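Encoded as structure tokens, the structure appears first; notes follow it.
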Amino acid sequence: MRWSKVFIPTLREAPADAEAPSHQFLLRAGYIRQVAAGVYAHLFLAQRSFLKINQIIREEMNRIGAQEFYLPALNPAELWKESGRWDQVDVIFKFKDRNQHDLCLGITHEEEMTNIARSELRSYRQLPQIWYQIQEKFRDEPRPKSGLLRLRQFIMKDSYSFDLDEAGLDVSYQKHVDAYHRIFERCGLRFLHVEAFSGMMGGKVSSEFTAPAEVGEDSIAVCDCGYAANFEKAQSRPAPVDDLPGDSPPEPFATPGKKTIDDLVKFTAESPARMIKTLDFFVESHPVVILLRGDHTMSETKLAMTLGTDVFRPATPEEAFALHGAHLGSLGPVGLKGVRIIADLALEGRKNLLAGANRDGEHLRNVTPSRDFQAEFADVRQVEEGDPCIQCGRPLRVTKAIELGHVFKLGRRYSEAMHATVLDEQGKEVTLVMGSYGIGVERILSAAAEQNHDKDGLFLPRPIAPFEVILTAANMDDAAVRAAAESLYDELLKHRVDALFDDRDERPGVKFKDADLVGVPFRITVGKRKIGQGLVELLERSTKQATDVKLPEVIPALRGRLGC
RNA sequence: CGGGGCGUAGCGUAGCCUGGUAGCGCGCUUGGUUCGGGACCAAGAGGUCGGAGGUUCAAAUCCUCUCGCCCCGACCA
């Protein structure tokens, strides 16, 4: 393409409402323009990138035997009511047609795909199936943000697997995990595959692929040994604590006015790791008492997992008083009757701890779990940066990351609700076992932009950059430069190099600045001084390393760098 | 949904407190000079100051309502 003929509206300054680097540069480089909050027009350069990204996705999905579909974004309400999500999910764009029928725009397509599966799949002989599409999704997000990072309309590659049993699902799931690794690898991203929570999608096992970046919304705990998990789900070994010896029974002591762990630490000079923190919650009308080590923080997500529901709330001070016979500050587990007590794993096997005495102004020492009170032990603690890795014991790091893709073992959540069954070998009706797998296409581009920019602009990975090379003719009015550039451009096209020829009648400075901005990984510069010696310049954008190359050698040199 | 900020030409902004014909830089058009890191000179085009209502002789400016956008938090398949 000749720059003089195409529309690449670069900006010298970033629009004031763009903050994230990917947002600023995609605007400045003329990739995108905003239409509304969380809604963007993809201009020429963006569309070229997306076509390349989609092609990579397609190739890798096809490679695992997935079949490409294209379902409508416009969905009748019936299916969503059947699965229960019409009322459960609040980001659905809902509206009525002229006949007052409820419709919505698809947020994802479990319902639609399951609907096809149930009406068409009859026999185990037809399994497994993997169906996918690259299609628009609509979500009425409470807070769209950061350019293409959180959109209300976005492109998703979503796929759905249908298997006869769990073993089959495991295979389909693993195929996706492998495909996703190849996709993100080929897109040139730095990424992590991490354990995750399934949230409202339903199902038990899920993991996500994330790209480390400052502006990411996910927090990821990572370790050098390869362990990586969503912060909400991450586990760690609690730092070991030496408990005091002895088997004395709990002994009350006065702690007037000491209400917090901090107060108690100052008052007793004991380590908070030797204290028990007591938190009361209610699940519907049932109280649940949560115990944690004094220096630990509870993870609401893990508690939700343990309780099997995310509908719970902290007890009011009055409710806590009714349960313990004491006010907040002196709550403890000893002597509680008929209440479910969940103790964090960090309290298992410990002895002689400090806890509230359930009498105002008093605490107990020598409290030993399982002797002085009974509790279920579960992991309800949020990890902290520096905690020993659950696998190898080295300190965990916490990093921000962009969620690129998420893979779920759904199980029978949708197939059961929508009666999607086939007959097995014995002629018995069997409910399909499903998986669902998503990739955010815009997020691949934004993550690449976040990971590959400097003060002057973008340098996208070659496979997803809108062009592979930009041919800059520094002086179009110089006959020798012009002739050399024109013939180089022809040669590049002949060699099927994806080239953008900056043939504009602009000053060299303007062209160099624009070339730096637009995210093309290589630049060939033809200038009037060097062309006299038969030389042109080959520059790698990411490092800005430039080398002078003899004119006939520049295309082989470039192709070598491009790996083709 | 809670908190904060902002809407003035394509982009960045001044003017608003203290009401009196809307200004600057970049970009754009034309002519000339220039030409390896966002040139210079000259002449131009371009704005219902987000919208509605009100106060006033007079509103970008004051008041009320409203719409939109951004950021933090909540939420997040």
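Residue numbering restarts at 1 for every chain, and letters A, B, ... go by the order of the sequence lines. Below, each value reflects all heavy atoms present in this structure, side chains not excepted, and no hydrogens, waters or symmetry copies. Remember, predicted model here, so these are calculated numbers, not experimental data.
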[M] and [N], which share atom name [atom1], separated by this distance in whole Å:
{"N": "B:rA74", "M": "B:rG3", "atom1": "P", "value": "16 Å"}
{"N": "B:rG23", "M": "B:rG47", "atom1": "C1'", "value": "12 Å"}
{"N": "B:rC62", "M": "B:rU56", "atom1": "C1'", "value": "10 Å"}
{"N": "B:rC67", "M": "B:rU55", "atom1": "P", "value": "23 Å"}
{"N": "B:rG38", "M": "B:rC11", "atom1": "P", "value": "25 Å"}
{"N": "B:rA45", "M": "B:rU29", "atom1": "P", "value": "15 Å"}
{"N": "B:rA60", "M": "B:rU8", "atom1": "P", "value": "15 Å"}
{"N": "B:rA59", "M": "B:rG53", "atom1": "P", "value": "13 Å"}

List the residues meeting side chain to side chain contact (heavy atoms under 4.5 Å, CB included) with [X], not counting sequence neighbours, and say none if there are none.
{"X": "A:Glu214", "result": "none"}
{"X": "A:Gln451", "result": "A:Leu189, A:Arg190, A:Ala211, A:Pro212"}
{"X": "A:Ser415", "result": "A:Arg412, A:Ala420, A:Thr431, A:Leu432, A:Met434"}

| message | Counting runs of three or more consecutive pairs, Watson-Crick or G-U wobble, with each distance below 3.5 Å, where are the stems of RNA chain B? | response | B:1-7 with B:67-73, B:10-13 with B:23-26, B:28-33 with B:39-44, B:50-54 with B:62-66

| field | Closest-nucleotide 5' rank along RNA chain B - winner of A:Ala37 and A:Ala16 | value | A:Ala16

| task | Assign each of A:Arg139 and A:Gln34 to its nearest nucleotide of RNA chain B by heavy atoms, then name whichever residue's nucleotide is nearer the 5' end. | result | A:Gln34

| task | Assign A:Ala18 to base, sugar-phosphate, or nothing according to its heavy-atom contacts below 4.0 angstrom with the strands shown. | result | nothing

| task | If a pair satisfies side chain to side chain donor-acceptor pair (under 3.5 Å) and one of its residues is in residues 546-555 of chain A, list it, with sequence neighbours excluded. | result |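 Matches after skipping sequence neighbours: A:Lys530-A:Asp548.
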
| query | Say you draw a straight line from CD1 of A:Ile8 to CE of A:Met1; how long is it, rounded to the nearest 0.5 Å? | reply |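 It is 9.5 Å, given to the nearest 0.5 Å.
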
Let me know the distance between [atom1] of [X] and [atom2] of [N], rounded to the nearest Å.
{"X": "A:Arg443", "N": "B:rC76", "atom1": "CZ", "atom2": "P", "answer": "14 Å"}
{"X": "A:Leu43", "N": "B:rG10", "atom1": "CG", "atom2": "P", "answer": "17 Å"}
{"X": "A:Leu149", "N": "B:rC70", "atom1": "CG", "atom2": "P", "answer": "13 Å"}

| remark: Sorted by chain and number, sequence neighbours left out, side-chain hydrogen bond (donor to acceptor under 3.5 Å, both in side chains) with A:Asn475 holds for none

| task | Please name all residues satisfying side-chain hydrogen bond (donor to acceptor under 3.5 Å, both in side chains) with A:Glu185, sequence neighbours left out, ordered by chain then number. | result |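 Residues passing side-chain hydrogen bond (donor to acceptor under 3.5 Å, both in side chains) with A:Glu185: none at all.
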
| request: Check the pair A:Asp170, A:Gln174 against side chain to side chain donor-acceptor pair (under 3.5 Å), reporting the backbone distance first and the verdict last. | output: CA-CA 6 Å; A:Asp170 289 348; A:Gln174 189 56 45; over 6 Å; no

Please output the side-chain donor-acceptor pairs of residues 38-47 of chain A that fall under 3.5 Å, not counting sequence neighbours, one pair per line with the distance.
from: A:Tyr40; atom 1: OH; to: A:His23; atom 2: NE2; distance (Å): 3.0

| said: Between A:Gln153 and A:Arg139, is the side-chain contact (heavy atoms from CB on, under 4.5 Å) condition met? List the steps. | reply: CA-CA 6 Å; A:Gln153 173 177 348; A:Arg139 299 183 184 183; over 6 Å; no

| said: Can you pull out every salt bridge (Lys or Arg N to Asp or Glu O under 4.0 Å) where at least one residue sits in residues 467-489 of chain A? Sequence neighbours excluded, please. | reply: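 Sorted pair list: A:Arg2-A:Glu486, A:Arg462-A:Glu468.
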
| Can you list every pair that meets salt bridge (Lys or Arg N to Asp or Glu O under 4.0 Å) and has a residue in residues 12-25 of chain A, with sequence neighbours left out? |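 Applying salt bridge (Lys or Arg N to Asp or Glu O under 4.0 Å) to every pair that reaches into residues 12-25 of chain A, excluding sequence neighbours, yields nothing.
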
Protein-nucleic acid N or O pairs under 3.5 Å, nucleotides 71-75 of chain B:
from: B:rC71; atom 1: OP1; to: A:Ser146; atom 2: N; distance (Å): 3.3
from: B:rC72; atom 1: OP2; to: A:Arg143; atom 2: NH1; distance (Å): 3.2
from: B:rC72; atom 1: OP2; to: A:Arg143; atom 2: NH2; distance (Å): 2.6

| For every nucleotide of nucleotides 34-41 of chain B, 5' to 3': is a protein heavy atom under 4.0 Å from its base (B), only from its sugar-phosphate (S), or from neither (-)? | BBBBBB--

